[in-house]
Amino acid sequence: SMLTVAGASTKSAAPNAVHNGGTITVDFAGGAWPTLDPAPATAETSEQPIFSAIYGGLFEITPKGSFAPDLATKYTISKNGLIVVLDLRHNVKFQDGTPFNAAAVKYNLLRDASPTLGCLCQPFLTAISSIGTPNKYTVVLHLSHKYSPIIATLATSMATFIVSPTAVKKEGANFGLHPVGAGPFEVVSDVPSATLTLRRYKGYWQSGAPHVN
């Protein structure tokens with residue numbers, strides 16, 4: 001199976017120079033992505049690099065194992081461990097032009113926590129009893145009991161991948177073929193578990209990134 005990042009080739013550059021453009025072709029030995037929707041039970045955890053390219057993540061993991069900001073810039077946990085506050089990055093848009101905001105994150109976490117879809121992350125979200133959105137850039141998770149892996153869940157499980165609610169409602173069952181996230185690459189074409197072509201999302205929040213077309 002193959003992932004292709006489409007674009008024009010570039011001339012060779014000095015070892016430390018950074019130039020935008022170019023194409024990367026990646027071969028996944030035995031790779032499979034029956035769907036590009038991270039929530040259903042049929043989503044493959046082995047293909048998280050693909051999901052990261054399309055959706056980004058709420059948090060990233062550094063080489064030292066700490067949590068670094070991505071679509072969420074900060075988290076705060078109350079002294080009693082029952083309230084988790086997420087601060088979201090401002091002025092981010094999904095690839096369909098709709099806003100990435102607290103309502104979108106709440107929609108995703110409720111969707112992931114629903115037993116109906118069978119998300120592999122669902123068992124790790126059961127501690128969340130309710131979700132508040134006091135403003136468009138703040139998400140408040142109320143926990144029924146202390147749950148120390150909650151931030152790790154929001155950084156390393158399928159729950160880190162935030163889909164466009166508007167696109168899900170528009171595409172329905174076809175969302176897995178036409179996914180929309182807020183990550184660095186958007187989907188051009190997808191033949192499940194065979195070939196996937198992505199292109200640089202020009203509206204990506206991080207200036208100058210990604211470098212590959």
Atom [atom1] in [X], atom [atom2] in [Y]: separation rounded to 0.5 Å?
X: L125; Y: Q122; atom1: CG; atom2: CD; value: 7.0 Å
X: L154; Y: N108; atom1: CG; atom2: CG; value: 11.5 Å
X: N101; Y: R89; atom1: CG; atom2: CZ; value: 15.0 Å
X: T156; Y: Q48; atom1: OG1; atom2: CD; value: 7.0 Å
X: K106; Y: L141; atom1: NZ; atom2: CG; value: 11.0 Å
X: H142; Y: I83; atom1: NE2; atom2: CD1; value: 5.5 Å

If you define the side chain from C-beta out and look only at heavy atoms, does anything of [X] sit under 4.5 Å from [Y]?
X: S193; Y: P34; result: yes
X: E186; Y: R199; result: yes
X: T45; Y: L120; result: yes
X: L110; Y: I131; result: yes
X: Y204; Y: V92; result: no
X: E44; Y: W33; result: no
X: F185; Y: Q95; result: no
X: V84; Y: L143; result: yes

Does one side chain, of [X] or [Y], offer a donor that lies under 3.5 Å from an acceptor on the other?
X: D87; Y: T73; result: no
X: T98; Y: D96; result: yes
X: T153; Y: S157; result: no

Any idea how H145 and Y147 line up, ring-wise: parallel (<30°), tilted (30 to 60°), or perpendicular (>60°)? perpendicular

What orientation do Y55 and F161 show, parallel under 30°, tilted 30 to 60°, or perpendicular over 60°? tilted

Any pair counted as ring-ring contact (aromatic ring centres under 6.0 Å, His included), so long as it reaches residues 95-133, sequence neighbours left out: F94-F100

For [Y], is there any backbone N or O sitting under 3.5 Å from a side-chain donor or acceptor partner on [X]?
X: T35; Y: D37; value: yes
X: T62; Y: S66; value: yes
X: S114; Y: R111; value: no
X: E60; Y: P69; value: no
X: T133; Y: V139; value: no

Holding to ring pair (Phe, Tyr, Trp, His ring centres under 6.0 Å), I want the full list of residues that pass it with H90, two or more places apart in sequence or in another chain. Y137

Y201: which residues meet the ring pair (Phe, Tyr, Trp, His ring centres under 6.0 Å) condition with it, sequence neighbours left out? none

side-chain contact (heavy atoms from CB on, under 4.5 Å) assessment of V105 paired with L88: CA-CA 9 Å; V105 173; L88 304 183; 3.8 Å; yes

For the hydrophobic clusters of this structure (ILVMFWY residues joined by side-chain heavy atoms under 4.5 Å, transitively), does one cluster hold both [X] and [Y]?
X: L86; Y: I77; value: yes
X: V188; Y: V191; value: no
X: L177; Y: I54; value: no

Go through it in stages, so that I can follow the logic: the residues are L196 and L36, the test is side-chain contact (heavy atoms from CB on, under 4.5 Å), and I'd like the CA-CA distance, side-chain angles, deciding distance and then a yes or no. CA-CA 10 Å; L196 174 64; L36 293 176; 3.8 Å; yes

When you look at Y75 and I151, which way does the side-chain contact (heavy atoms from CB on, under 4.5 Å) test go after all the steps? CA-CA 8 Å; Y75 68 88; I151 301 302; 3.7 Å; yes

Assess whether side-chain contact (heavy atoms from CB on, under 4.5 Å) is satisfied between T23 and N213, documenting all intermediate values. CA-CA 6 Å; T23 299; N213 285 343; 6.0 Å; no

